Amino acid sequence: MKQKIEVGVLGATGMVGQHFVKFLQDHPWFDLTWVGASDRSAGKKYRDATSWRLDGVMPAGVAGLTVEDSKPGNAPKLLFSAMDALVATEIERAFAAAGHALVSNSKNHRMEPDVPLLVPEINPDHLKLVPLQKKRGWKGLIATNPNCSTVVLTMGLAPLKPFGITRVVATTMQALSGAGYPGVPSMDINANVIPFIGGEEEKMQQETQKILGDFLGDRVQPLAARVSAHCNRVPVVDGHTVTISVELSSKPTEAAILAAFENFRGVPQERNLPSAPARPVIYMPEKDRPQPRRDAGRERGMAAFVGRVRPCPALDWKFVALGHNTVRGAAGAAVLNAELMLTEGLLA
Ligand code: NAP
């Protein structure tokens, strides 16, 4: 790319916003030139408005930017959104109406029928929903990425879709960083497991059916599989682990399942998108892997790791999947979505 495209981040001062700032540093296509947040932060330099909580120092090129009010005006066309879900609906719509391309990490628009819920390796054709958004009178668009645990589940399941997925039971062990800052009180989570994350199980179930669903010309037909999720918070810093039992109608062999994981590739790999991992799903043969501390950060946090494929006495097969929740489950996912959208001509 001869000239980088200017981009902005809404909610740039928050936890996910900081992950966007970090992930976009030195991006070969995108140049972060605009940061937005609430009117509490607007007018301040980014370095003064933000309590930087990520490893490493705040990128120098962003530290001196002035935080803008989150209203359409001088923002670049392409905006990543990491806003508080309480305010994201109206603000994202206002920017989309004004002609911006909103690539959002917030949950607010994920399940809207005309909004793509994208995992670029799995359902790039769902971008064909975007033209339907013209009916809302928007000059721009909204596309979304999934919840941080859903993306791990769907990347583990997508290679198995050709075998006919009919039932799924998934249990998560979700990292603390997924709860934002300050997150779960240390007295609650130290040496403990909390078997409840509000709204998470419903999101995993519905989002999985939409992501693995088929685009039928004017809508997405959700995957007909029954999906049951159990969500738990565990004392892990980064990396969501999901144990998965799955029923498959064509009854594949173990060798066929391992080959499906091994051979799984998508459009991001074909097009060599800058944030795409060479292999989106990596099978680990060791009997005690993947593990969050050892594996979540590999491949810049953009791959899903699977392991422990074995017969399931209740359904057909069971296995473990792991992904980096703040990278592949948040900022990195949205940046990969934007890279795909750029190559589809949606950001012209
Ligand atoms: P956060 O740390 O509380 O940050 C929220 C951001 O929204 C801040 O930049 C804040 O700006 C901004 N904001 C708040 N009120 C606003 C308003 N009225 N107008 C404009 N901006 C406003 O939250 P977070 O943990 O980063 O989460 C952000 C979003 O990502 C949420 O929708 C969350 O559900 C989703 N998400 C989070 C995670 C995670 O790992 N934490 C993972 C996946 C998805 P100020 O600093 O000025 O208040």
Side-chain angles (χ1 to χ4, degrees), residues 15-25 53-56 82 105 119-122 145-159 170-181 183-184 189-190 192-194 197 200 203-204 207-208 211 229-244 261-262 264 266 268-269 274-309 318-337:
M15 274 313 291
V16 176
Q18 294 179 33
H19 280 286
F20 273 110
V21 168
K22 188 173 178 185
F23 197 84
L24 286 165
Q25 197 179 8
R53 302 205 186 273
L54 306 188
D55 295 344
N105 179 63
V119 179
E121 287 90 347
I122 301 176
N145 60 266
N147 171 273
C148 46
S149 46
T150 307
V151 75
V152 180
L153 175 61
T154 52
M155 287 180 77
L157 289 175
T171 302
T172 70
M173 287 155 273
Q174 297 184 220
L176 292 169
S177 55
Y181 188 89
V184 188
I189 196 67
N190 234 335
N192 199 16
V193 170
I194 299 176
I197 303 174
E200 195 84 349
K203 275 189 269 181
M204 270 187 94
E207 291 181 15
T208 296
I211 293 162
H230 308 255
C231 293
N232 304 285
R233 187 73 68 195
V234 298
V236 160
V237 178
D238 288 316
H240 287 353
T241 304
V242 188
T243 55
I244 302 165
F261 286 139
E262 179 67 30
F264 184 70
Q269 286 70 39
S275 301
R279 289 164 58 207
V281 177
I282 296 175
Y283 177 74
M284 302 191 68
E286 298 89 337
K287 65 177 188 298
D288 59 354
R289 301 288 273 275
Q291 298 177 9
R293 203 171 64 199
R294 293 181 172 169
D295 301 314
R298 291 169 52 197
E299 306 292 323
R300 291 184 68 217
M302 288 300 287
F305 296 87
V306 295
R308 301 210 62 220
V309 172
K318 53 185 176 178
F319 61 99
V320 187
L322 165 76
H324 198 299
N325 52 297
T326 61
V327 182
R328 190 66 204 223
V335 173
L336 187 62
N337 282 353

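As the structure is a computational prediction, the values presented were derived from the model and not from experiment.
In this structure, the side chains of His19 and Leu54 come closer than 4.5 Å at one or more pairs of heavy atoms. In this structure, the side chains of Arg289 and Phe305 stay at 4.5 Å or more apart for every pair of heavy atoms. Contact annotation: the side chain of Pro292 approaches that of Leu322 to within less than 4.5 Å [non-hydrogen atoms, C-beta and beyond]. Here the side chains of Met302 and Val327 are in contact, with some heavy-atom distance below 4.5 Å. Side-chain contact between Met204 and Thr172 is present, with at least one heavy-atom pair separated by less than 4.5 Å.
When all heavy atoms are compared, the tightest approach of Val306 to Gly156 is CG1-CA, 4.3 Å. For the residue pair Ser149 and Val242, the shortest heavy atom distance occurs at O-CG2, 4.3 Å. Of all heavy-atom pairs spanning Gln269 and Ala278, the tightest one is CG-O, 3.3 Å. When all heavy atoms of Phe264 and Glu121 are compared, the closest pair comes out as CZ-O, 3.8 Å. Nearest heavy-atom pair across Pro290 and Asp295 is CA-OD2, 3.2 Å. Summarising the geometry of Gly239 relative to Ala296, their closest heavy-atom pair is CA-CB, 3.9 Å, with the distance given to 0.1 Å.
Figure legend: cation-pi geometry between Arg300 and Phe23, with NZ or CZ positioned under 6.0 Å from the six-membered ring centre and within 45° of its axis.
Remark: side-chain polar atoms of Arg233 are not paired, donor with acceptor, to backbone N or O of Met173 under 3.5 angstrom. Within the 3.5 Å criterion, the main-chain N or O of Val320 finds no donor-acceptor partner in the side chain of Thr243. Under the 3.5 Å distance criterion, the side-chain polar atoms of Thr208 are left unmatched by any main-chain donor or acceptor of Thr154. A donor-acceptor pair under 3.5 Å is absent between the side-chain atoms of Glu299 and the main chain of Arg279, judged by distance alone.
The NE2 atom of His240 lies 12.0 Å from the CG atom of Leu153; values are rounded to the nearest 0.5 Å. To the nearest 0.5 angstrom, Ile197 atom CD1 is 9.0 Å from Lys203 atom NZ. Annotation: the span from Tyr283 atom OH to Arg308 atom CZ amounts to 9.5 Å, rounded to 0.5 Å. Put simply, CD on Gln174 and CD1 on Ile194 are 11.5 Å apart, with the number rounded to the nearest 0.5 Å.
When Val119, Asn147, Val151 are each tested for a side chain to side chain contact (heavy atoms under 4.5 Å, CB included) with Glu207, only one passes: Asn147. Each of Ile189, Asp238, Val234 was scored for a side chain to side chain contact (heavy atoms under 4.5 Å, CB included) with Leu176, with one residue passing: Ile189. With Asn145 as the partner, the side-chain hydrogen bond (donor to acceptor under 3.5 Å, both in side chains) test is satisfied by one option alone out of Asn337, Asn105, Thr150: Asn105.
Counting non-hydrogen atoms of other residues, nucleotides and ligands closer than 6.0 Å to CZ of Arg293 gives a total of 12 or fewer.
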Working note: Arg328 + Leu336, criterion side-chain contact (heavy atoms from CB on, under 4.5 Å); need CA distance, chi angles, decisive distance, verdict.
CA-CA 9 Å; Arg328 190 66 204 223; Leu336 187 62; 3.6 Å; yes
